[in-house]
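This one's a predicted model, so the numbers in the text were calculated from it and none came from an experiment. Residue numbers begin at 1 in each chain, while the letters A, B, ... track the order of the sequences.
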Amino acid sequence: MDSPDRADFLAGLKPGGKYEGVVGLYRHNVSTDRIGLFDKEIIDALAAAGVKWIAHNGAGYDQIDVLYCKEKDIWVSNTPGAVDDATATTGFYLMISALRCFSRAERTLRAGGWKSTHKPGEAHDLTGRTLAVLGLGGIGLRLAELAHAFPMRIVYHNRRPNPDAPAWCEYFGADRLDEMLAQADVLSVHVPLKDSTVGMVDETMIRKLKRGAVIVNTARGKVIDEPAMIRALEDGHLGAVGLDVFPDEPQVNPRLLDFPNATLLPHMGTETCDSQKKMEIRALSNLRDFLTKGKGFDIIPEFK
Amino acid sequence: MCAATATTPSSTLAAKMTSLPRVVLCDPVVHKNDCQALFEGIAEVLLLDHTANRDDFIRALQPGGQLEGAVGLFERNQSIGRIGRFDKELISKLPLTIKWIAHMGAGYDKVDVFACKERGIGVSNTPGAVDDATATTTLYLLISALRSFSAAERSLRAGNWKKSHSAVNAHDLTGRTVAILGLGGIGLRFAQLVHAFPMRVLYHNRRKVAGAPEWCEYYDKDHLDDMLAQADVLSIHVPFTEETRNIVDERMIRKLKKGAVIINTARGQVVDEEAMMQALKDGHLSAVGLDVFYNEPNIDPRWYDVPNAVLLPHVGTATADTAKQMELRALANLRDFVLTGKGTDLVPELQ
């Protein structure tokens with residue numbers, strides 16, 4: 001696909017266009033820069049062209065209107081598993097940085113201040129502290145494994161208990177969510193972005209955390225109510241945050257840069273050559289399996 | 001009894017009357033209540049005045065000085081900033097009553113233990129207490145270096161999101177090989193943390209470590225080059241002594257495979273910093289993660305311009321929990337010296 005913009009892409013899908021006859025797509029979020037999100041307009045054009053499969057590269061597929069795809073009989077696969085290690089490692093890094101105040105320490109060093117802003121009293125070891133995982137899917141579970149090595153105590157909230165979770169992952173259902181939040185030293189967000197999870201980590205949830213708690217987000221920026229999080233940083237209810245994602249990337253709310261106790265990464269969760277390769281091959285395998293077997297392995301949950 | 005300042009005449013008198021041994025804190029302790037409880041009825045605890053320099057310190061310890069008769073000292077690397085290193089010169093000027101120096105910290109390179117040995121002064125450090133926090137720092141530096149996170153955050157904060165980042169140069173940890181130089185308490189703890197991914201763990205030590213897990217693969221001196229050739233990461237965990245000065249030199253660096261990463265949470269003097277910087281420049285090393293430097297706190301300013309360096313200002317043990325454990329451990333050593341004649345953590349050189 002070489003279209004520089006949406007208009008060219010849509011034109012290419014029409015009869016006689018350069019993409020005529022296409023039955024399946026490999027899609028990566030970078031295409032958004034040129035053709036925009038996979039919204040109703042694009043999906044209508046794809047359906048009309050005869051596309052039956054979108055093999056998305058990535059675990060999160062919020063850039064595709066998948067419910068509309070379902071209506072138009074276009075199937076969608078993603079790449080779960082392939083992202084787990086790199087994303088969990090990113091969450092792990094953000095958690096260590098937040099608890100240890102390392103981001104600020106490096107910034108102070110680089111500004112010529114050595115460790116003048118570092119107060120050991122504000123920095124904490126991980127061992128023995130409690131990590132609460134919001135959404136124990138592949139990534140959340142991988143983070144739990146890494147954190148358990150210290151050990152940290154692992155608690156989690158999921159719509160239903162995860163049958164693959166080891167015994168040391170303590171489940172807290174919806175009725176006990178507040179109880180979980182009160183015990184968390186760190187809350188790490190691992191839910192996909194969909195209508196039901198927009199702003200899920202809101203003022204109420206944030207305030208149920210103990211004072212000084214840390215929030216880590218490697219999921220999607222919109223899952224957290226950003227103004228609520230900022231207020232909690234301002235009044236010290238949150239001790240620190242570690243963020244890899246933001247509501248309106250690549251824009252970053254400049255207010256976040258003011259907090260000394262924020263570690264901020266530009267959506268680096270899967271940015272390794274190893275993981276990029278795994279993800280690409282996974283997505284292409286899904287596309288190939290659609291062609292050879294009629295369907296890919298990683299059909300997204302909305303279609304099951 | 002932890003005095004708030006150097007003693008007043010009346011408390012000196014009181015001390016003489018109670019004839020409790022006297023110990024001196026060269027730096028204030030954070031956990032004053034714990035200190036008090038430790039020494040209650042056992043020793044009189046005196047605090048060196050915060051304005052005292054080396055000469056004041058020596059004078060205060062002499063007969064007639066405010067700290068006269070002291071038998072033991074508690075010191076930490078912070079004290080060095082005011083009174084200087086516990087080198088041969090300072091040690092030679094300590095009164096003969098001083099028989100113990102309880103150092104707060106695992107690395108005691110700023111205390112001349114051989115000069116102490118000659119004077120019959122015992123020295124203790126605080127092994128174990130530092131392991132978790134330091135190993136965690138090492139792990140953080142490793143992830144950051146392999147993933148280019150430091151440069152990525154700087155890029156975001158400069159308003160450039162991740163414009164110049166390429167995933168080509170960033171790697172997962174899982175399945176990669178880390179070589180640990182010195183499998184002591186910290187090295188072993190670090191090995192445990194990276195094994196969780198898992199990373200493959202190789203190590204070099206003067207002797208094979210008896211209690212090490214079987215997945216820690218030992219490489220002795222004759223096979224050191226073999227170990228280096230397989231390492232994606234070399235992590236340094238040896239103490240700084242004359243034997244280890246510049247042990248990670250040009251030769252050792254060049255034995256690493258191209259693109260390797262070096263992590264140092266030990267001491268800056270253990271690595272040839274110039275050779276390391278050059279290897280980064282010519283691409284032999286792909287990245288470094290450093291918590292320690294050759295000349296802290298006045299580090300070589302060229303480090304700021306090395307794009308693939310992640311730098312921390314010697315904060316390896318700087319947490320509330322660990323700082324407390326280290327402090328109490330050092331005080332316990334001092335107390336045990338007073339009670340039994342020696343502290344548990346007598347440094348290896350004096351054993």
OG1 on B/T174 to CG on A/L146, rounded to 0.5 Å: 7.5 Å
B/S144 versus chain A, the contacting section by heavy-atom distance below 4.5 Å: both
Per-residue contact mode, A/F150 against chain B (heavy atom under 4.5 angstrom): both
Heavy atoms from other residues, nucleotides or ligands near OH of B/Y294 exceed 12 (cutoff 6.0 Å): no
Evaluation steps, side chain to side chain contact (heavy atoms under 4.5 Å, CB included), between B/L156 and A/L257: CA-CA 9 Å; B/L156 180 155; A/L257 304 178; 3.9 Å; yes
Contacting moiety of A/H148, where chain B heavy atoms sit under 4.5 Å: neither
Separation between OH of B/Y140 and CZ of A/F92, rounded to the nearest 0.5 Å: 13.0 Å
Worked check of side chain to side chain contact (heavy atoms under 4.5 Å, CB included) between B/W161 and A/H267: CA-CA 9 Å; B/W161 191 238; A/H267 204 151; 3.8 Å; yes
Carboxylate-amine/guanidinium proximity below 4.0 Å for A/R129 and B/D321: yes
Any side-chain heavy-atom pair of A/S103 and B/R157 under 4.5 Å: yes
Step-by-step side chain to side chain contact (heavy atoms under 4.5 Å, CB included) determination, B/H171 to A/S275: CA-CA 8 Å; B/H171 301 281; A/S275 286; over 6 Å; no
Any donor-acceptor N/O pair, A/K115 side chain to B/V315 backbone, under 3.5 Å: no
Heavy-atom pair with the smallest gap, counting every atom of A/Q276 and B/A167: CG-CB, 3.9 Å
Atom pair CG/CG of B/D132 and A/D125 - distance to nearest 0.5 Å: 5.0 Å
Salt bridge B/R147-A/E271, side-chain N to carboxylate O under 4.0 Å: no
Option in B/H314, B/H165, B/Q192 with maximal non-hydrogen atom pairs under 4.5 Å from chain A: B/H165
Check: A/L109 and B/I299 side chains under 4.5 Å, non-hydrogen atoms: yes
From CA spacing to verdict: side chain to side chain contact (heavy atoms under 4.5 Å, CB included), A/T90, B/I143: CA-CA 8 Å; A/T90 305; B/I143 298 174; over 6 Å; no
For chain B, the option from A/E145, A/H118, A/E122 that forms the most heavy-atom pairs under 4.5 Å: A/H118
Check: A/L265 main-chain N/O paired with B/E153 side-chain donor or acceptor under 3.5 Å: no
Atom NZ of B/K163: over 12 foreign heavy atoms under 6.0 Å: no
Test item: side-chain donor near acceptor, B/S150 and A/E106, under 3.5 Å: yes
Other residues, nucleotides, ligands: >12 heavy atoms within 6.0 Å of B/K281 NZ: yes
Euclidean distance, A/F102 CZ relative to B/L311 CG, rounded to 0.5 Å: 13.0 Å
Aromatic plane relationship, B/F149 with A/Y93 - under 30° parallel, 30 to 60° tilted, over 60° perpendicular: tilted
Top of B/L139, B/V30, B/L173 for chain A proximity - count of heavy-atom pairs under 4.5 angstrom: B/L139
N/O donor-acceptor pair under 3.5 Å between A/R100 side chain and B/G316 backbone: yes
Top of A/K119, A/Q251, A/R107 for chain B proximity - count of heavy-atom pairs under 4.5 angstrom: A/R107
Minimum-distance pair of heavy atoms, taken over all atoms of A/A149 and B/L193: O-CD2, 4.1 Å
Ionic contact status for B/R176 with A/D274, cut-off 4.0 Å: yes
Heavy-atom pair of closest approach, residues A/A123 and B/A318: CB-O, 3.3 Å
Proximal component of A/T270, with respect to chain B [non-hydrogen, under 4.5 Å]: backbone
A/C273 to B/V168 - nearest heavy-atom pair and separation: SG-O, 3.7 Å
Residue among B/N160, B/T137, B/T317, B/N298 with most heavy-atom pairs under 4.5 Å to chain A: B/T137
